[in-house]
Amino acid sequence: MKVEDLFLAIGAVEDARLARSEMFVSSDDKQEDRNMKGKPTRIIRNLLIAAVMVNMLAVTAYAVTGFLIFESPEEMISFVFGNKTGFDKAAAGEILDSDGNVVNVQHGFDRVEADETIVAEDVAPHVDPVGQSITWEGYTLTIDANLYDSVTQCGLVTYILESNEPLEYSLQSDGTVWFPSGELVGFSQYGYSYIIQDQSTDTKLTATYYYQLRNLESSDLVITLSERVGRSQEEEDRMIEELKQRLRQEISEEEALAYRKNSVGGDWPWFEENYTREENIDAAYRDMAYLRLEEAENCPDQIIIPETVQEEMSSITLGDGAVTLSPIAVTIQEDQIENLGHSFMGLMKVKFDDGTEYTVQDGYISNYVFNVSDDDGSNHTYMFNRIIDVDSVISVIVDGGLELVADKLNEAPLR
């Protein structure tokens with residue numbers, strides 16, 4: 001693979017979420033986690049494997065009938081966007097060391113109960129059963145159901161991962177699932193998995209994968225089991241070191257450094273200041289080694305969910321079309337907003353006609369399941385941690401207190 005091909009495999013950055021990944025680790029682990037942003041981390045890794053998976057011949061998975069995790073689409077949506085997950089609230093604040101220095105931050109969030117009417121009328125009708133399973137190396141993956149919103153290109157799948165042995169993973173305070181040696185389930189589209197705790201055991205992980213279609217190669221959601229399920233961490237470490245040495249013979253240090261700079265995106269100044277040139281080059285070879293390893297071995301079976309839409313989910317536009325908002329997500333064309341001044345979105349609120357507000361992001365408040373933008377800041381997306389009534393939205397408020405009014409109200413007085 002040429003270094004140019006590696007560049008094309010990277011399509012998004014999410015600084016805020018990467019910061020959240022550091023919230024619950026020790027100081028030593030935290031430094032390693034920051035240095036390992038290009039490991040590739042979840043946001044990079046999911047996109048890197050996409051080009052490989054979509055070009056593989058899919059093997060038909062065996063079918064499972066009916067909904068397995070929830071009894072109905074309404075129950076499913078009320079849970080995954082509701083406040084009964086067991087990971088529903090956390091206070092925002094700074095974590096200090098014994099000397100009073102800030103060593104980490106706790107991002108706050110607050111899930112709310114899903115409105116039954118909005119769930120039934122605006123969201124649940126868009127849930128489709130999938131009912132397919134694949135088995136490999138002692139693991140069985142079952143995709144239960146899929147929800148997709150074509151307006152924001154966001155969606156989610158519910159799934160069950162079962163193993164003959166206990167599964168090793170950790171959880172953040174919001175229920176995000178992290179596998180210490182890399183993903184066990186490979187998704188071709190960007191996203192994050194959140195545990196469904198009351199239906200998970202030591203050998204069974206039940207989860208929701210919230211995603212957005214960001215892979216430029218294909219609009220399908222391709223799902224498979226990662227090659228990591230068939231080898232130990234020690235074996236993987238050995239293979240990575242061997243691949244790093246091989247890559248040093250194939251790719252120059254200057255090309256590796258350029259790859260590193262591109263992969264970390266807007267964080268590059270931080271890495272350039274805090275790590276030596278040699279350390280960044282070594283990290284680049286490590287990143288490319290992980291990619292090479294992921295290309296080498298993959299489960300032969302895949303579950304493919306095509307981007308098919310029966311009808312669009314309800315939505316509105318705001319700010320003369322710069323913002324598109326649905327019950328589950330919002331996309332913001334930042335280059336279409338006058339007076340925004342920069343491409344980093346630090347404030348996002350949704351204002352309703354009854355005067356209440358939904359704070360999606362503000363400082364350490366992070367009321368979303370993911371938050372991602374393009375490298376050039378031209379498009380920003382939040383997928384909400386709740387369901388909202390788009391008919392009640394009158395505006396969104398972004399950085400600088402800039403208020404973007406719903407286009408539907410341009411010809412009518414505000415209520």
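In what follows, residues are counted from 1 in the order of the sequence shown. Note that the coordinates shown come from a computational prediction; the quantities given were computed from them, not determined experimentally.
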| Between S219 and E307, a side-chain donor and acceptor under 3.5 Å | yes
| Do D407 side-chain atoms and I316 backbone N/O form a donor-acceptor pair below 3.5 Å? | no
| query | So, does Q189 use its side chain to make a donor-acceptor pair with the main chain of R214 at under 3.5 Å? | reply | yes
| task | Of all the heavy-atom pairs spanning A145 and V127, show the shortest one and how long it is. | result | CB-CG1, 4.1 Å
| Are the side chains of M348 and V396 in touch, meaning some heavy atoms are under 4.5 Å apart? | yes
| field | side chain to side chain contact (heavy atoms under 4.5 Å, CB included) partners for A322, two or more places apart | value | Q336, I337
| task | Mark yes or no for whether D399, through its side chain, and G346, through its backbone, hold a donor-acceptor pair below 3.5 Å. | result | yes
| said: side-chain contact (heavy atoms from CB on, under 4.5 Å) for F67 and E71? Distances and angles first, verdict last. | reply: CA-CA 6 Å; F67 290 100; E71 294 184 358; over 6 Å; no
| Looking at side-chain heavy atoms only, is the closest gap between L205 and L184 below 4.5 Å? | no
| query | Q153 and Y148: side-chain contact (heavy atoms from CB on, under 4.5 Å), yes or no, with the steps? | reply | CA-CA 7 Å; Q153 292 189 298; Y148 179 64; 3.5 Å; yes
| task | Report yes or no: do T203 and S163 form a side-chain donor-acceptor pair below 3.5 Å? | result | no
| Do you see a donor-acceptor pair shorter than 3.5 Å between the side chains of D128 and N146? | no
| message | Taking F271's backbone N and O only, do any of them form a donor-acceptor pair with N280's side chain (distance below 3.5 Å, no angle check)? | response | yes
| Side-chain heavy-atom pair V130, Y159 within 4.5 angstrom cut-off | no
| field | Value rounded to 0.5 Å, distance of CD1 in I303 from CG in L141 | value | 5.0 Å
| query | Taking all non-hydrogen atoms of both residues, which atom of A256 and which atom of A284 are closest, and how far apart? | reply | O-CB, 3.0 Å
| CG on N262 to CH2 on W268, rounded to 0.5 Å | 11.0 Å
| request: Heavy atoms only: give me the nearest A114-V119 pair and the separation to one decimal. | output: CB-CG2, 3.8 Å
| task | Determine which pairs satisfy salt bridge (charged side-chain N to carboxylate O under 4.0 Å, His left out) with at least one residue from residues 268-277, sequence neighbours left out, and list them in order. | result | E253-R277, E254-R277
| query | Would you say the side-chain atoms of D149 pair up with the backbone N or O of C154, donor to acceptor, closer than 3.5 Å? | reply | no
| Ring centres under 6.0 angstrom apart (F87, Y194) | no
| Any donor and acceptor pair, going by atom type alone, linking the side chain of T206 with main-chain N or O of Q199 inside 3.5 Å? | yes
| message | According to side chain to side chain contact (heavy atoms under 4.5 Å, CB included), who are the partners of S72, at least two apart in sequence or on a separate chain? | response | E74, E75
| Side-chain touch L225/L161, heavy atoms, less than 4.5 angstrom | yes
| When the ring planes of F187 and Y209 are compared, do they come out parallel, tilted or perpendicular, using 30° and 60° as the limits? | parallel
| said: Checking the side chain of S392 only, and the main-chain atoms of D353 only, is there a donor and an acceptor separated by less than 3.5 Å? | reply: no
| task | Mark yes or no for whether K408, through its side chain, and D391, through its backbone, hold a donor-acceptor pair below 3.5 Å. | result | yes
| message | Could you tell me if the side chain of F384 sits less than 4.5 Å from the side chain of P327, heavy atoms only? | response | no
| request: State whether the number of non-hydrogen atoms from other residues, nucleotides or ligands found under 6.0 Å of E168 atom CD is greater than 12. | output: no
| Can you name the closest pair of heavy atoms from N371 and Q361 and give their distance? | ND2-OE1, 3.1 Å
| Between Y190 and Y192, does the ring centre distance come in under 6.0 Å? | yes
| task | Report yes if some heavy atom in the side chain of V360 is under 4.5 Å from a heavy atom in the side chain of V350; otherwise report no. | result | yes
| said: I'd like to check the salt bridge (charged side-chain N to carboxylate O under 4.0 Å, His left out) partners of D282; sequence neighbours left out, ordered by chain and number. | reply: K244, R248
| request: Would you check if the side chain of R111 reaches a backbone N or O of V80 as a donor-acceptor pair within less than 3.5 Å? | output: yes
| task | Start with the C-alpha distance between R260 and I281, add both sets of side-chain angles, then the distance that settles side-chain contact (heavy atoms from CB on, under 4.5 Å), and finish with yes or no. | result | CA-CA 7 Å; R260 175 68 164 171; I281 289 173; over 6 Å; no
| field | Atom pair CD1/OG1 of I69 and T208 - distance to nearest 0.5 Å | value | 7.0 Å
| Audit row: Q302, S188, side-chain contact (heavy atoms from CB on, under 4.5 Å) steps and yes/no | CA-CA 11 Å; Q302 299 174 341; S188 68; over 6 Å; no
| task | State the CD-CD1 distance between E357 and I394, to the nearest 0.5 angstrom. | result | 9.0 Å
| request: Taking the side chain as every heavy atom from C-beta outward, state whether L325 and V393 have any atom pair closer than 4.5 Å. | output: yes
| Between T142 and S133, a side-chain donor and acceptor under 3.5 Å | yes
| message | Just to verify, what does T331 make a side chain to side chain contact (heavy atoms under 4.5 Å, CB included) with, not counting sequence neighbours? | response | T152, Q212, T324, N379, T381
| query | Quick one: does D99's side chain have a donor or acceptor within less than 3.5 Å of a partner on N101's backbone? | reply | no
| task | Using the six-membered ring wherever Trp is involved, compare the ring planes of F81 and Y210 and label them parallel, tilted or perpendicular (cut-offs 30° and 60°). | result | perpendicular
| remark: When every non-hydrogen atom of A90 is compared with those of S173, the smallest separation belongs to CB-OG, 4.4 Å
| field | Side chains of N215 and S218, donor plus acceptor under 3.5 Å | value | no
| W270 and Y275, any side-chain heavy atoms less than 4.5 Å apart | yes
| What are the two closest heavy atoms between F79 and T85, and how far apart are they? | O-CG2, 3.6 Å
| request: Drop me the distance from I240's CD1 to R292's CZ, to the nearest 0.5 angstrom. | output: 11.0 Å
| remark: Across all chains, not counting sequence neighbours, the side chain to side chain contact (heavy atoms under 4.5 Å, CB included) partners of S98 are none
| note | Rounding to 0.5 Å, atoms CG (D220) and OG1 (T308) come to a distance of 9.0 Å
